[in-house]
Amino acid sequence: MPTLRDAPADAQIVSHQLMLRAGMIRQEAAGIYAWLPLGLKVLKKIEQVVREEMNRAGAVEILMPTLQLADLWRESGRYEAYGEEMLRIKDRHDRDLLYGPTAEEVVTDIFRSYVKSYKDLPKNLYNIQWKFRDERRPRFGVMRGREFLMKDAYSFDIDEASARKSYNRMFLAYLNVYARLGLKAIPVRADTGPIGGDLSHEFIILAETGESEVFAHRDLVEMGAPGPDIDWEGDLQPLVDQRTRLYAASDEMHDQARFEAEAAEGDRMTARGIEVGHIFYFGTKYSAPMKALVAGPDGKDVPVQMGSYGVGVSRLVAGIIEASHDDAGIIWPASVAPFGAAVLNLRVGDAGCDEICEAAYKALSDAGLDPLYDDRDDRPGAKFAATDLVGIPWQLIVGPKAVAEGVVELKNRATGERQTLPLDAALKAIIGG
Ligand code: 5CA
């Protein structure tokens, strides 16, 4: 956990500064990062939240390769069209490969090899895999990287009505993902860009440093997620309508006259935000040229209806920090905190302190809190600052008082509240709360 006292001068936004200071990432090349232990723990936790919500909504996980054959992209016509952002590679046989910036072609190829009938639909396949886009201006750390981790899901349906149901499931699952990460995400109508299609939403979390501008009805910001217990097989259209009825658009799609007509002045919110997800319905854009055909109920082959759904998993690490920090450092929501609690030994080598710390560490481990034990030989002030910086939700502080009076100090990182209490009571507060 190589923490730094000061932020490197080239880090411009707070999440990038804090990720470097907390020793979460290390830049290896422009827009390319190594994930150090603390960063990796958070990344894996976010990944797991995304995975659980995808599974709940009926999607099935696969893993596609990072390197893809150019020939597949020639079939869809995107190999030439994608331009400079695509990293093109040749192997020793002079075959054209590329590092995948997204995976519509690969997943369509998998699908067409196995699925031939409407009876096997609907299907939704997703993977959580590294992508590469040779961005002109990689910046703000992992917020806009060149190599980044994305969850990308792909839905397959027999007709447009059923494709819309698949889209709705992802739309609502996304809101649940962001809510579990402690974020308020606004779904806005969006441009489809190089992915294509005619129905698309971006999910934006509010942050002053965000690269996107959003225009939205205030009520949408407060509306929140539908929750995990909705009937995923049932009619989700009313829940989606409730959230798409109110005006919300990103800069490319914004129409000021419509905004003014649809929202009263006091309800109009204009803000900056971070795009943490983007979903698309694009029908047969890939399945038609790539001949991913399925037999319908009438026995006739038709190209399958598709949508794709992306979450910026590595970008979310930075996005959560933008939304949740203070002057002392990061404040992780419990759902993604790298450790559930930290045990700070202020007198390492003192038999009494060591014993209490080890007992606390064991009790917290047994309770599944994945604690961090700071047994470094360092000044208490340095330990407090480092623990605040890395944002662990609970700090259990063990000093000479613990040995003399049988009490420890418990600090809550989010509220700053400190209590002095017996070890058992402190453990109960952490484990129970
Ligand atoms: N194929 C579709 C959906 S699977 C797709 O690629 N969509 S995307 O281009 O919008 O990317 C999905 C998400 O990945 C974005 O919402 C964003 O959160 C994240 N993302 C895109 N580019 C980058 C980047 N350069 N660095 C970090 N995250 C990125």
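Keep in mind it's a predicted model, so treat the numbers as computed, not measured. Residue numbers count from 1 along this sequence. Remember, it's 1-based here, ligands and their atoms both numbered in the order they're listed.
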Looking at non-hydrogen atoms alone, which of [options] comes nearest to [atom]?
atom: atom 19 (C) of ligand 1; options: Gly312, Ala318, Ala103, Ala153; value: Gly312
atom: atom 9 (O) of ligand 1; options: Met150, His278, Glu275, Arg133; value: Arg133
atom: atom 21 (C) of ligand 1; options: Phe140, Tyr126, Phe148; value: Phe148

- Message: Can you tell me how the ring of His254 sits relative to the ring of Phe259, calling it parallel under 30°, perpendicular over 60° and tilted otherwise?
- Response: perpendicular

Take every heavy atom of [X], measure it against each atom of ligand 1, and state whether any distance is under 4.0 Å.
X: Arg146; answer: no
X: Phe203; answer: no
X: Lys131; answer: no
X: Ile274; answer: no
X: Gly277; answer: yes

- Message: Taking the ring centre of each residue, are Phe148 and Trp130 less than 6.0 Å apart?
- Response: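 Aromatic pair excluded; centres sit 6.0 Å or further apart.
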
Short list, please: which atoms of ligand 1 are under 4.0 Å from a heavy atom of [X]?
X: Glu104; answer: 1 (N), 2 (C)
X: Tyr309; answer: 3 (C), 4 (S)
X: Asp152; answer: 4 (S)
X: Val142; answer: 27 (C)

- Glu52 and Arg180 ion-paired at < 4.0 Å: yes

- Item | Cation-pi check, Arg133 onto Tyr99 ring (under 6.0 Å, within 45° of axis) |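 No cation-pi geometry.
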
- Item | Side chain, backbone, both or neither: Val276 near ligand 1, heavy atoms under 4.0 Å |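 The backbone, only.
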
- Verify the distance criterion only: is there a donor paired with an acceptor across the side chains of Arg78 and Tyr286 at less than 3.5 Å?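 Arg78 vs Tyr286: donor-acceptor pair found between side chains.
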
- Query: Just by distance, with hydrogens left out, do Tyr167 and His201 show a side-chain donor and acceptor under 3.5 Å apart?
  - Reply: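 Short answer, yes.
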
- Message: Please give me the minimum heavy-atom distance between Ile330 and Trp332, naming the atom from each residue.
- Response: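 Here Ile330 and Trp332 meet closest at CG2-CE2, 3.4 Å.
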
- Set of salt bridge (Lys or Arg N to Asp or Glu O under 4.0 Å) partners for Asp157, sequence neighbours left out: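 For Asp157, no residue satisfies salt bridge (Lys or Arg N to Asp or Glu O under 4.0 Å) once neighbours in sequence are set aside.
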
- Message: Applying salt bridge (Lys or Arg N to Asp or Glu O under 4.0 Å), can you list everything that pairs with Arg376, at least two apart in sequence or on another chain?
- Response: Asp374

